[in-house]
There are 2 protein chains.
Amino acid sequence: MAGPEKRRKREREQRKKAILKSARKLFAERGFKPVTVASIAKKAELSKGAIYLYFNSKEEIYTQILLSDVEAFHKTMSQIFSRGETASQILYEFSDAYIDIFLNAREQFRTLMNFMLSAEHLNLSNGIRRQIIREMNKTISLIEKILQYGVDSGELNLKKQDMRRMRNALWGLLNGVISLHLFVGAESMREDRIRSNVREGLKTIIAGLTKTSKKKEAHV
Amino acid sequence: MAGPEKRRKREREQRKKAILKSARKLFAERGFKPVTVASIAKKAELSKGAIYLYFNSKEEIYTQILLSDVEAFHKTMSQIFSRGETASQILYEFSDAYIDIFLNAREQFRTLMNFMLSAEHLNLSNGIRRQIIREMNKTISLIEKILQYGVDSGELNLKKQDMRRMRNALWGLLNGVISLHLFVGAESMREDRIRSNVREGLKTIIAGLTKTSKKKEAHV
DNA sequence: GACTCGGGGTCAGATTCTGACTTTAATTCA
DNA sequence: TGAATTAAAGTCAGAATCTGACCCCGAGTC
């Protein structure tokens, strides 16, 4: 590629990134609907029209942020695997990492949460919504893999048909605890409380799943 | 100023600076004539045409670099004054600073030197050339000020009509020594040799000027 | 249901940029 | 000398990017 051409391409990508950066901040603060394209343009020091040279719609901006966040999220969480540890250790680490992301990359987390909480009235096209949900599920199914690994290694005792429910329970535990503390409780205590609550829940669940406790038949 | 407008102005100035930066490097390496506008454009990752949106001619680019260098140079050298010291101390510091600039901002120095060495066949317009020379003279006349200060304080013995000649002799000493070592002598020895040569010359000149040596009448 | 208002999206015109083209001036060679 | 060649300065039509006034629609108000 020629000199000026290369420079132009680079600058075009920088511009795009700048728009996404501005938009991410605004979406994290306010969600989808209240953020106007004009406000994104203003933050990025561009005119509204210029935004449409880089994206086809407000929805597309939101989607790209969401997808890249979900992917980054999934990438981070994937790294938890591939260390020769017990399933319960991995579960603890997974939870820790999840909480870390919440605490350190709050904007990403909020955007994600916002999507989960109100995906239906976001008026994204159905295809896009499904794509994002599929991506999110990839992360959720990591929990299932951990559980499966525990079952395979003989560490955990869990029937095939309960796997999915347990996975959702664990995922729910994480998000529920975090959400609980997001709106109540003092900022200063938040991290400790989230961590200890999650750890406590995990401990009990893992205890209930470990093979040593051989008795189990008390049906629901 | 509005958001996008402010950004545009900023970016325009950045572009201009980038062009000057590329051009300065090339001019320092090769002088005026051999540097083509196309080569400046290439280094700045722009087309030739774009260069002419920021400058009216190759000459103007060169001039702006030269002027800003001369001004920076003069500013640095001016700071030598305004410390309550003897004229000879100030002369030593002035020389040291001059050598420092040569050693640390070689590109600027080369551009300046190049101008001094071949101002006549640079085909700059006469007005511009005179403007730059006037600016350079401001710096040269700093030496005269130092000498005058020495005379006024009774430290130096120098007739009014000899002032200018002495000033030029000192300036010549500096540039002559530097030029000498610029083309001969090993890089590793250069700094030491320049400094010691200049110091030696200064020492002798100052000795010849200090009032204590009262005898003087041996005309040329 | 008419009216207002706010925000998504459009578009004509302004600005910036590109590279092929024209001009100019210096050099070579008959 | 002066015609031919060449190389670099400088130009310009058209492409790319950007702007902000404008259009349109849907949601709320009376």
Side-chain angles (χ1 to χ4, degrees), chain A residues 1-23 26-27 29-65 118 120-125 128, chain B residues 1-23 26-27 29-65 118 120-125 128:
Chain A
M1 201 185 304
E5 198 184 337
K6 194 176 154 199
R7 194 208 82 238
R8 282 189 145 207
K9 196 183 167 191
R10 192 176 62 236
E11 287 182 349
R12 189 175 169 77
E13 256 144 47
Q14 283 172 349
R15 191 73 91 204
K16 203 170 172 181
K17 272 186 198 164
I19 294 170
L20 287 174
K21 192 179 168 188
S22 301
L26 292 170
F27 284 136
E29 281 167 8
R30 306 180 206 166
F32 182 75
K33 188 75 189 313
V35 173
T36 67
V37 174
S39 72
I40 295 171
K42 190 180 175 189
K43 204 175 192 73
E45 291 182 302
L46 283 169
S47 66
K48 194 158 58 135
I51 301 290
Y52 287 88
L53 290 168
Y54 296 88
F55 301 93
N56 294 315
S57 64
K58 177 180 159 182
E59 174 183 316
E60 188 182 320
I61 298 174
Y62 186 79
T63 306
Q64 291 206 8
I65 291 171
S118 50
E120 65 281 9
H121 34 81
L122 233 42
N123 72 305
L124 306 182
S125 76
I128 296 290
Chain B
M1 202 184 302
E5 198 184 337
K6 194 176 154 198
R7 194 209 80 238
R8 282 188 145 209
K9 195 184 168 193
R10 191 176 63 235
E11 287 182 348
R12 188 175 168 76
E13 256 146 46
Q14 283 173 349
R15 192 72 91 202
K16 204 170 171 182
K17 272 186 198 162
I19 295 170
L20 288 174
K21 191 178 169 188
S22 301
L26 293 170
F27 283 136
E29 281 167 8
R30 305 179 206 166
F32 181 76
K33 187 76 188 311
V35 173
T36 67
V37 174
S39 71
I40 296 171
K42 191 180 174 189
K43 203 173 193 75
E45 292 182 299
L46 284 168
S47 66
K48 193 159 57 135
I51 301 291
Y52 287 88
L53 291 168
Y54 296 89
F55 301 93
N56 293 316
S57 65
K58 177 179 158 184
E59 173 183 320
E60 187 182 320
I61 299 175
Y62 187 77
T63 307
Q64 291 206 8
I65 292 171
S118 51
E120 64 281 10
H121 35 79
L122 234 40
N123 72 303
L124 306 182
S125 76
I128 296 290

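Just so it is clear, the values below take in all heavy atoms, side chains as well, and ignore hydrogens, waters and symmetry mates.
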Query - Pairs touching residues 36-53 of chain B that satisfy side chain to side chain donor-acceptor pair (under 3.5 Å), sequence neighbours left out - result: A:Arg10-B:Glu45, B:Thr36-B:Ser39
**Report entry** B:Asn56 CG to D:dC12 P, straight-line distance once rounded to whole Å
**Finding:** 14 Å
Query raised in the report: So do the side chains of A:Ile61 and A:Ile51 get within less than 4.5 Å of each other, counting heavy atoms only?
Result: yes
Query raised in the report: Can you check the B:Glu60 CD to D:dA9 C1' distance for me, whole Å?
Result: 14 Å
Query raised in the report: Does a side-chain N or O from A:Tyr52 land closer than 4.0 Å to OP1 or OP2 of D:dC18, or not?
Result: no
Please enumerate all protein N or O atoms sitting under 3.5 Å from an N or O of nucleotides 21-26 of chain D, with distances to 0.1 Å.
none

Query raised in the report: Is it true that a side-chain atom of B:Lys17 and a backbone atom of B:Arg12 form a donor plus acceptor pair closer than 3.5 Å?
Result: no
**Report entry** Rounded distance (Å) that lies between atom P of C:dC11 and atom CG of A:Leu53
**Finding:** 13 Å
Query raised in the report: Within this structure, what is the NZ-to-C1' distance between B:Lys9 and D:dC18, rounded to whole angstrom?
Result: 19 Å
Query raised in the report: In Å and rounded to the nearest 0.5 Å, what is the CZ to CD distance from A:Arg7 to A:Gln14?
Result: 10.5 Å
Requested in this report: Could you check B:Val37 against A:Ala50 and say which one's nearest nucleotide on DNA chain D is further toward the 5' end?
Outcome: B:Val37
Query raised in the report: Whole Å only: how far is the CD atom of B:Glu5 from the P atom of C:dA14?
Result: 16 Å
Requested in this report: Return the residues of residues 11-21 of chain A meeting this criterion: a heavy atom under 4.0 Å from some atom of DNA chain D. Order them by number, or give none.
Outcome: A:Arg12, A:Arg15
Query - Validation row: B:Phe27, B:Ile40 side chains within 4.5 angstrom (heavy atoms) - result: yes
Query raised in the report: Considering heavy-atom distances to DNA chain D, does A:Arg8 or A:Glu45 have its closest nucleotide positioned more toward the 5' end?
Result: A:Arg8
Requested in this report: Starting from P on C:dG19, measure out to NZ on B:Lys42 and report it in whole angstrom.
Outcome: 13 Å
Report task. Classify the ring geometry between A:Tyr62 and A:Phe32 as parallel (under 30°), tilted (30 to 60°) or perpendicular (over 60°). Result -> perpendicular
Query raised in the report: What residues, two or more places apart in sequence or in another chain, satisfy salt bridge (Lys or Arg N to Asp or Glu O under 4.0 Å) together with B:Arg15?
Result: A:Glu11
Query raised in the report: For A:Lys21, what residues pass the side chain to side chain contact (heavy atoms under 4.5 Å, CB included) criterion, not counting sequence neighbours?
Result: none
Report summary line: By side chain to side chain contact (heavy atoms under 4.5 Å, CB included), B:Glu60 pairs with (sequence neighbours left out) B:Phe55, B:Asn56, B:Ser57, B:Gln64
Report task. Tell me what A:Phe55 touches on the nucleic acid: a base, only sugar-phosphate, or nothing, going by heavy atoms under 4.0 Å. Result -> nothing
